[in-house]
There are 2 protein chains.
Amino acid sequence: MIISNNLKMYAQKLRSSNLRPTKQRLKICQFLFDRKKTFHFTVETLNKKINKNRAMKVSLATIYNTVEAFTSAGYLKEILTSKNKSYYDTNIKSHHHFYDEGSKELTDINYSQIKLSKVPVPPKGKKIKNLEVVIRIQK
Amino acid sequence: MIISNNLKMYAQKLRSSNLRPTKQRLKICQFLFDRKKTFHFTVETLNKKINKNRAMKVSLATIYNTVEAFTSAGYLKEILTSKNKSYYDTNIKSHHHFYDEGSKELTDINYSQIKLSKVPVPPKGKKIKNLEVVIRIQK
DNA sequence: TTCTAGTTTAGAATTATTATAAACTACATA
DNA sequence: TATGTAGTTTATAATAATTCTAAACTAGAA
Ligand SMILES: [Mn+2]
Ligand SMILES: [Mn+2]
Ligand SMILES: [Zn+2]
Ligand SMILES: [Zn+2]
């Protein structure tokens, strides 16, 4: 069995956010972050993938807890494009999305691919936290 | 009792979308559209407002059905900025929003107040249905 | 007036999510 | 290395929003 040498890194990262590197969290880290490309997921799909092989069962409650903890820690970003179900993104950089109404799939749009030449001033006493564009597409 | 002379108009509009102008739907139309300014709401708040006075009770199921029917017919727009709860907008024109993370309130941004100088090409075979900007703000 | 498809409704069912509380474990400290 | 404890996991219950069901009702065509 080959143990990812990223494990130590993940453990470190987790500790730095006051999260204990439990085997459940490390397993989820590996699944989420041991890859070349970022991606979008729901708790439902993450749960299925994590528990596909019999190896070690991670409870649904822990999946929820972990996704919440990782989002608070800034390792994940929550995406609000869909009714009734939360989507998450392993791409935590500021970026935009295509949302396909048919397949309900999200695709990243690089931040530099959209340019805004005019942006409104926020209401008094408020600051802009971020600005995101969603482009809804269909056939 | 003064009967809004918009009632006939609403009845007509509803019929034109193959929706019978029932007293429930007309009541909801009056509440939603008999006003100068557009606004944002949830099913929960709409239900409370519609059933505030004893006059005539509209069931929650009908509130859901009607909001869904009006959205399909294009009289309302669904807004997806919030987790776990759907927001609707009586402003059906293409426009953008400020979303206040603190108060969880939406404020319209006129379409002309944001200008995009660069927009990506949609994936092959797909068309842009709409483009919306959400600017998250906080203190 | 009659007939019927469309609508409303109460309540049940479903779905996503959050809360609870007991068992477990990482890890600081002895 | 052993012990204590706060943090974590887990099964399960609870909650919240929404959708479904099927019986009663009604708009409006004929
Ligand atoms: Mn929901
Ligand atoms: Mn929900
Ligand atoms: Zn993304
Ligand atoms: Zn709006």
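Computation of the quantities below employed the complete heavy-atom set of this structure, encompassing side-chain atoms and omitting hydrogens, waters and symmetry-equivalent molecules. Labels below follow one simple rule: chain letters A, B, ... track the order of the sequence lines, proteins then strands, and each chain is numbered from 1. Remember, predicted model here, so these are calculated numbers, not experimental data.
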- request: Could you tell me whether the phosphate oxygens of D/dA17, OP1 or OP2, come under 4.0 Å of any side-chain nitrogen or oxygen in B/Ser86?
  value: no

- prompt: Which value, rounded to the nearest 0.5 Å, describes the distance between A/His95 atom NE2 and A/Glu132 atom CD?
  reply: 6.5 Å

A/Leu14 CG - C/dC27 C1' separation (whole Å): 15 Å

Length of the line joining A/Lys27:NZ and D/dT9:P, which is rounded to integer Å: 13 Å

message: Applying ring pair (Phe, Tyr, Trp, His ring centres under 6.0 Å) as the test, list every pair that has at least one member in residues 99-138 of chain A; sequence neighbours left out.
response: A/His96-A/Tyr111

message: Which nucleotide wins on minimum distance to the side chain of A/Leu60, given the candidates D/dT10, C/dT17, C/dA10?
response: C/dT17

A/Arg35 to A/Phe33 six-membered ring, cation-pi geometry met (6.0 Å, 45°): no

- line: Per atom distances to the A/Lys83 side chain, the nearest of D/dT19, C/dT9, D/dA11 is D/dT19

task: Using a cut-off of strictly less than 4.0 Å, decide whether B/Thr62 has a side-chain nitrogen or oxygen near OP1 or OP2 of C/dT9.
output: yes

N or O in side chain of B/Tyr64 less than 4.0 angstrom from D/dT18 OP1/OP2: yes

query: Taking A/Thr45 for the side chain and A/Thr42 for the main chain, is one N or O donor matched with an acceptor at less than 3.5 Å?
result: yes

Residue closer to the 5' end of DNA chain D, A/Val58 versus B/Glu68 (nearest nucleotide): A/Val58

message: Output the rounded distance in Å from CE (B/Met56) to C1' (C/dT7).
response: 12 Å

query: Below 4.0 angstrom from OP1 or OP2 of D/dG7, is there any side-chain N or O of A/Arg25?
result: no

Under 3.5 Å between N/O atoms: give me all the protein pairs with nucleotides 23-29 of chain D, atom names plus distance.
residue: D/dA27; atom: N3; partner: B/Arg20; partner atom: NH1; Å: 3.1
residue: D/dG28; atom: OP1; partner: B/Arg15; partner atom: NE; Å: 3.0

message: If the condition is side-chain contact (heavy atoms from CB on, under 4.5 Å), which residues does A/Asn18 pass it with, not counting sequence neighbours?
response: none

A/Asn18 CG - C/dA26 P separation (whole Å): 17 Å

Side-chain donor or acceptor of B/Asp108 paired with backbone N/O of B/Asn110 under 3.5 Å: no

field: Distance, rounded to the nearest Å, where A/Asn65 contributes CG and C/dT25 contributes P
entry: 16 Å

query: What integer distance in Å separates B/Leu26:CG from C/dT7:C1'?
result: 13 Å

- prompt: Looking only at atom types and distance, does a side-chain atom of B/Tyr87 sit under 3.5 Å from a main-chain N or O of B/Glu105, one as donor and one as acceptor?
  reply: no

task: Could you tell me the separation between the CG atom of A/Asn51 and the C1' atom of D/dT9, rounded to a whole number of Å?
output: 13 Å

message: In this structure, how many angstroms lie between the P atom of D/dT18 and the CG atom of A/Asn84, rounded?
response: 6 Å

field: Nearest-neighbour nucleotide for the B/Lys85 side chain, C/dT9, D/dA17, D/dT18 considered
entry: D/dA17

message: Looking at A/Gln24, I'd like to know whether one of its side-chain N or O atoms comes within less than 4.0 Å of OP1 or OP2 on C/dT25.
response: no

